[in-house]
2 protein chains.
Amino acid sequence: MNLKQLSSLLGLSQTTVSRALNGYADVSEATRARVQAAARAHDYRPNTRAQALATGRSRVIGHVVPKISSHAMVNPIFADFIAGAGETYSAAGYEMLISLVDITEEEKAYHSMKRRGLVDGLIVSAPRMNDPRIALLDEIGLPYAVHGRATGTTRPYSWLDVNNRRAFARATNFLVDLGHRRIGLVNGLEKMDFAHRRRQGYEEALRAHGISPDPELMRQDEMTESYGWRAARDMLALPDPPTAILVSSVICMLGVRRAVEEAGLVLGRDVSAVTHDDQLSYLRDDGPVPAFTATRSSVREAGQRLARMVIDRIDNPEAPHVQELLEADLIIGRSTGPAPR
Amino acid sequence: MNLKQLSSLLGLSQTTVSRALNGYADVSEATRARVQAAARAHDYRPNTRAQALATGRSRVIGHVVPKISSHAMVNPIFADFIAGAGETYSAAGYEMLISLVDITEEEKAYHSMKRRGLVDGLIVSAPRMNDPRIALLDEIGLPYAVHGRATGTTRPYSWLDVNNRRAFARATNFLVDLGHRRIGLVNGLEKMDFAHRRRQGYEEALRAHGISPDPELMRQDEMTESYGWRAARDMLALPDPPTAILVSSVICMLGVRRAVEEAGLVLGRDVSAVTHDDQLSYLRDDGPVPAFTATRSSVREAGQRLARMVIDRIDNPEAPHVQELLEADLIIGRSTGPAPR
DNA sequence: GGGGTTTTCCAAAGCGCTTTTGTAACGTCG
DNA sequence: CGACGTTACAAAAGCGCTTTGGAAAACCCC
């Protein structure tokens with residue numbers, strides 16, 4: 001059933017039926033009701049492609065996932081972020097398009113998306129420092145919003161980020177208040193902006209307490225379980241090991257816990273650890289007293305809000321850019337305790 | 001730059017330019033080359049929406065993610081599966097559309113996708129037993145392929161699955177050969193087809209060795225770390241605890257390992273455990289001797305192949321349905337050893 | 001050199017919508 | 001009562017592509 005059939009069935013023109021369904025005023029309420037009833041009865045849905053062609057809007061929002069050659073490391077937060085964004089999209093009548101793009105062709109991919117009219121807007125994920133994508137998208141003229149920030153970018157852009165610096169500063173302060181002086185950092189890759197900021201917060205807080213950061217206690221890598229394990233094991237084997245460790249993700253934290261236990265120590269008593277917790281749905285750590293002390297911020301919620309942000313930019317591209325900085329909660333769990341003496 | 005502009009620029013008709021670019025024979029090689037050069041020079045890309053409207057094909061494949069009311073549990077394998085499928089899609093010139101749909105409206109969503117011409121085909125994930133979606137999609141007339149199987153469905157359909165029954169039978173046999181007689185099962189939700197099959201394989205193998213399955217040693221739930229921990233802890237606290245445990249996912253396995261260690265036991269010596277390993281990119285467990293003995297099968301590869309399968313069905317809807325059963329490798333790691341006596 | 005093929009191009013219709021531009025019909029009001 | 005709004009509908013153009021059905025030009029063969 002298409003518009004033509006529906007309208008001839010009703011004895012009306014396509015114009016009237018279209019305008020009736022799209023809520024225009026120049027249709028009497030009587031015929032509007034009649035049209036709506038018929039549309040419902042025949043389960044009429046306008047053909048998206050025709051609609052998109054006619055309006056110039058595809059009602060699709062793209063997420064570009066850069067992959068490094070064939071061996072793509074998928075970000076563990078990807079799924080929950082997508083889930084959050086998807087909720088907003090379906091509520092707002094948008095669809096979500098995910099495009100895996102080789103990192104060497106990313107620029108071409110954005111151009112192509114625009115020219116082919118594939119999407120109305122984009123989400124930019126995992127910004128790096130001085131990320132070139134922001135200037136590129138402005139030039140192309142595709143509305144977008146960034147998940148995170150790109151240090152070094154001066155032009156204004158819309159973003160949503162967790163206050164990573166403050167979160168890790170708070171976590172560091174919390175550990176210092178518990179009496180810890182040697183605090184390790186198991187960070188993500190520091191070319192990623194969020195990891196860079198986390199280290200800043202950590203170092204600032206240490207310095208504020210007169211502790212000078214020790215390079216031996218700072219690691220960075222892809223955030224896997226085995227990396228967490230390796231990093232913690234190595235740190236604990238140092239002549240002057242840390243009594244507390246700051247960890248960048250729950251997955252790493254699982255590895256850290258393993259290393260601590262394998263060293264014959266008890267987490268929260270002999271060694272304290274605080275992790276950042278994105279509240280991934282399959283790694284939920286709630287309950288009355290969570291296992292891990294954590295800086296917590298829902299990545300799903302970030303997805304929801306960021307989706308809203310792009311939609312707003314699509315609806316009103318001339319509006320000033322919007323920034324949203326989410327504060328992470330500091331959740332006290334059982335992985336921290338007073339520094340042993 | 002659109003077709004009209006490009007063709008007038010070349011002094012040719014739209015027809016000729018279109019047909020030149022699409023490889024039709026009734027264009028001289030000289031003009032084809034000229035057209036291609038001009039297209040490249042101006043970075044011309046046909047408008048997807050117009051192309052889709054004209055051809056009746058959208059070159060988009062949908063993935064429906066059912067969510068249970070607002071609180072959606074995202075499957076941890078989701079991201080890697082998508083990554084795999086995405087690789088095939090971009091190589092084949094397809095786009096991937098992900099749709100979050102409330103589980104109560106799933107049926108309506110499929111109808112709508114068809115009517116609106118949004119997608120050319122679909123991937124069906126996480127089939128349940130007697131899954132109604134298969135009959136529904138046949139009726140609607142949308143090409144699809146299923147990731148997994150739906151026990152109880154008699155009609156033919158295209159699917160790709162891991163041989164879960166055999167994988168878990170092999171794992172069980174392996175444990176029995178090591179001398180284990182009391183073997184626990186930490187399974188996924190058994191309304192999910194894969195979990196059901198894994199239990200079958202486990203029970204069959206036990207029975208083949210004259211061991212009758214003990215309901216006290218079998219658990220099922222959403223596969224989280226804390227579930228693994230709880231399940232293993234409870235089993236190990238039994239009067240006659242298991243000496244080995246079969247686990248349905250690496251995430252659960254992390255919890256199992258924690259419970260084992262907290263009980264003061266050593267994994268691979270006091271208690272053995274075998275997990276299924278989907279080779280999630282952020283939970284990679286390789287290296288010369290992996291930490292976990294596992295039945296291993298790459299979910300990313302499954303995504304790649306399944307994507308190919310839908311594309312084939314779209315290209316040739318009348319072709320007989322195709323089935324592909326992947327055998328999992330049994331990888332010996334450090335989490336198993338001879339039964340203690 | 002005329003009839004038949006083959007090659008190479010094009011005009012125009014069509015995909016299913018939205019939107020612009022009319023245009024009847026009906027009040028309203030000085 | 002004629003000028004003027006207002007209301008409720010419709011014809012037709014247009015979005016940017018593909019495809020059908022020619023048709024001119026070139027070639028071939030007897």
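Chain A is the first sequence line, chain B the second, and so forth, proteins listed ahead of strands; every chain is numbered from 1.
Near DNA chain D, meaning a heavy atom under 4.0 Å from it, residues 310-317 of chain B has no residue at all.
Here ring-ring contact (aromatic ring centres under 6.0 Å, His included) pairs that include residues 121-153 of chain B, with residues two or more places apart or in two chains, are Phe81(B)-His147(B).
Taking atom CG on Asp26(A) and atom P on dT21(C), their separation rounds to 14 Å, with Å as the unit. Separating the CZ atom of Arg57(B) from the C1' atom of dT19(D) is a distance of 15 Å, rounded to the nearest angstrom. Atom CD of Glu29(B) is separated from atom C1' of dC9(C) by 15 Å (rounded to the nearest Å). In this structure, the CZ atom of Arg32(A) is 13 Å from the C1' atom of dC9(D), given to the nearest Å. Atom pair Arg59(A):CZ and dC15(D):P shows a separation of 21 Å (rounding to whole Å applied). Look at CZ on Arg34(A): it is 12 Å from C1' on dC9(D), rounded to the nearest Å.
An OP1 or OP2 oxygen of dC9(C) is reached within less than 4.0 angstrom by a side-chain nitrogen or oxygen of Ser28(B). Taking 4.0 angstrom as the limit, Thr16(B) places none of its side-chain polar atoms (N or O) nearer than this to OP1 or OP2 of dC9(C).
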Requested in this report: Applying side chain to side chain donor-acceptor pair (under 3.5 Å), run through Thr15(B) and Ser18(B) and close with a yes or a no.
Outcome: CA-CA 5 Å; Thr15(B) 309; Ser18(B) 170; over 6 Å; no
Requested in this report: Give the C-alpha distance, both sets of side-chain angles, the deciding distance and a yes or no for salt bridge (Lys or Arg N to Asp or Glu O under 4.0 Å) between Arg149(A) and Asp161(A).
Outcome: CA-CA 7 Å; Arg149(A) 276 170 286 176; Asp161(A) 199 2; 3.0 Å; yes
Query raised in the report: Can Glu87(A) and Arg300(A) be said to form a salt bridge (Lys or Arg N to Asp or Glu O under 4.0 Å), step by step?
Result: CA-CA 9 Å; Glu87(A) 287 170 24; Arg300(A) 175 185 296 249; 2.9 Å; yes
What pairs of nitrogen or oxygen atoms, one from the protein and one from nucleotides 24-27 of chain C, lie under 3.5 Å apart?
none

Pairwise N/O distances under 3.5 Å, protein to nucleotides 16-18 of chain D:
from    : atom 1 : to       : atom 2 : distance (Å)
dG16(D) : N2     : Ala50(B) : O      : 3.4
dC17(D) : OP1    : Tyr44(B) : OH     : 3.1
dC17(D) : OP1    : Asn47(B) : N      : 3.1
dC17(D) : OP2    : Leu3(B)  : N      : 2.4
dC17(D) : O5'    : Tyr44(B) : OH     : 3.4
dT18(D) : OP1    : Asn22(B) : ND2    : 3.1
dT18(D) : OP1    : Gln51(B) : NE2    : 3.0
dT18(D) : OP2    : Ser18(B) : OG     : 2.5

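Arg59(A) contributes no side-chain N or O that, together with a main-chain N or O of Gln51(A), makes up a donor-acceptor pair within less than 3.5 Å. Counting only distance, with no hydrogens or angles, the side chain of Thr55(A) and the backbone of Arg57(A) share a donor-acceptor pair below 3.5 Å. Using a distance-only test at 3.5 Å, with no hydrogens or angles considered, no donor-acceptor pair links the side chain of Thr16(B) to the main chain of Leu12(B). No donor-acceptor pair under 3.5 Å is formed between the side chain of Asp80(A) and the backbone N or O of Val299(A).
Note that OH of Tyr157(A) is 8.5 Å distant from CG of Asp131(A), once rounded to the nearest 0.5 Å. Taking CD of Glu301(A) as the reference point, atom CG of Leu160(A) lies at 8.5 Å (rounded to 0.5 Å).
Classified by interplanar angle (parallel below 30°, tilted 30° to 60°, perpendicular above 60°), the ring pair His63(B)/Tyr89(B) is perpendicular.
Listed by chain and number, the residues in a side-chain contact (heavy atoms from CB on, under 4.5 Å) with Ser112(B) are Arg45(A), Arg116(B) (sequence neighbours excluded).
Direction change of the helix axis from one end of the helix from dG1(C)-dC30(D) to dG30(C)-dC1(D) to the other is 50°, with five pairs defining each end axis (rounded to 10°).
Dense packing is recorded around CD of Gln5(A), with more than 12 heavy atoms of other residues, nucleotides or ligands lying under 6.0 Å away.
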